[in-house]
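Below: one structure, written as structure tokens.
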Amino acid sequence: MVIPLLIQHKRDGHALRPEDWRTLIGEYTAGRVPDYQMAALLMAVVWRGLTTDELAALTDAMIASGDRLSFDGSTLRVADKHSTGGVGDKVSLLLAPMVASCGVAVPMMSGRGLGHTGGTLDKLEAIPGFRTNLSIREAKAQIERIGCALIGQTPEIAPADKRLYALRDVTGTVESIPLISASIMSKKLAEGLTGLVLDVKTGSGAFLPEPARAIELARTMIALGEARGCPTVALLTAMDRPLGRACGNALEVEEAIEGLRDGGPPDLMEVTYALGVEMLLLVGAAADPKDARERLQAAVTSGRALETFGRIIEAQGGNPAVIDDPAVLPQAGAVEVYRAQRSGVVATVEPRRIGQAIVELGGGRRSLEDQIDAAVGFVITVKPGDEVREGEPIASIFARDSDGIVSGTAALDEAIGVRERGHLTPLISHRITSTGVESLAEAR
Ligand code: URA
């Protein structure tokens, strides 16, 4: 295999052969292809795209680069959810124990914060002692015992993605539908799933803001899943404002626990239930959407979902006292109330600015080695469309010190726009399956 020729071929808009992708990914994972050649090829893919056969070969090669979680021979129904990333998106923390409490096994494999978006692993690690780096063997044993494990990408699962992802992150090659699809689906398809639900974000805070591109991403991932025997459904959800009120790792854990107590913000609960309904339906754990919703609601109101979350925390070394006492979580050194600058209707709560501000406060990474401060962030109690009066408290800033309060205030000044009139995009706009795209905007 002459790699410069493959790069030229792709650069000039031709398809590589499936066997080329297989060999290339195998050799790259083994450390026999240098990053600079792979980076050049990735950039050619960003510009030229991949054919269906190339995408299939790339995804299969990435799956084959590692091991798989396997539930073969067991009667377990296994489902997972993946979000394409957002701000304030703590859905996984609620959804995994809720679905597990309905008798479905959930091997939820999540990522860390990326750019302005938060990551489930960073949120979980805000819980003192919580360990996300379980091996495949440990995760499987925990799933069989409790019904759920909340883990990171182990070195054993899709190691090719781990290397490729780190390379894409620093070479401007993240925003590519085939590369994102292969990356997400190679990890998910290695989990031994009976069904997968995708939460594809759209709007200014999403990696692919335009709905048409988000729908194309969803359809690409669904086709990959279905062709590999994993029924896959996607919901397109709004990321032109943060989800819920809390943005920041420890604050989001606290809000997730409130949600499991049936006291979460309506938008967070709505998205969580909608995704949960799809998960139960996909694996045949509910008769219809109404039945699925009732089962999930009963898991919350009975306290079973919260209890399951407590068991997961304990099993993964975390302090389960957090369930009853949020003071167990890291606490910010400085807290200040933020007030509306003028009267009117909230037009924007810009998630990208909020996410960047959390990174500035120390709650996200600028480089891989950065230690994050889990306590910092915002609780924003207004949404686009809400009416506010000048001086009314609309947010709280959680920072390390008074300098953080100053930069957090400046970020909210930019992110929260109050005008005469606001525009509200639907929270859940589309449902996408292998058979088509259904608009939900009118239906809800
Ligand atoms: N999440 C992933 O796992 N991979 C991508 O490429 C983008 C988001």
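Order of listing sets the numbers, starting from 1, for every ligand and every atom in it. Side-chain atoms are counted along with the backbone in the values below, which use heavy atoms only and exclude waters and symmetry mates.
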(message) Give me the nearest non-hydrogen protein atom to atom 4 (N) of ligand 1 as residue plus atom name, then the distance to 0.1 Å.
(response) Ser183 OG, 2.7 Å
(message) Any nitrogen or oxygen of Asp161 lying under 3.5 Å from a nitrogen or oxygen in ligand 1? Just yes or no.
(response) no
(message) The test is side chain to side chain donor-acceptor pair (under 3.5 Å); show your working for Asp240 and Ser204 and say whether it passes.
(response) CA-CA 5 Å; Asp240 59 348; Ser204 55; over 6 Å; no
(request) Say whether Thr154 and Glu156, considering side chains only, have a donor N or O and an acceptor N or O under 3.5 Å apart. (result) yes
(message) One thing to verify: whether Arg163 and Asp35 come together as a salt bridge, which I'm taking to mean a side-chain N less than 4.0 angstrom from a carboxylate O.
(response) yes
(message) Between the side chains of Lys187 and Glu191, is the shortest nitrogen-to-carboxylate-oxygen separation below 4.0 Å, so that they form an ion pair?
(response) no
(request) Take Asp89 and Ser83 through the test side chain to side chain donor-acceptor pair (under 3.5 Å) and record every step on the way to the result. (result) CA-CA 9 Å; Asp89 180 4; Ser83 153; 2.9 Å; yes
(request) Could you tell me whether ligand 1 has any atom less than 4.0 Å away from a heavy atom of Val174? (result) no
(request) List the closest protein heavy-atom neighbour of atom 3 (O) of ligand 1: residue, atom name, distance to the nearest 0.1 Å. (result) Lys187 NZ, 2.4 Å
(request) Give the contacting part of Tyr165 toward ligand 1: side chain, backbone, both or neither, where contact means a heavy-atom distance below 4.0 Å. (result) side chain
(message) Quick test: of every protein heavy atom, which one is nearest to atom 1 (N) of ligand 1, and how far off is it to 0.1 Å?
(response) Ile184 CG1, 3.8 Å
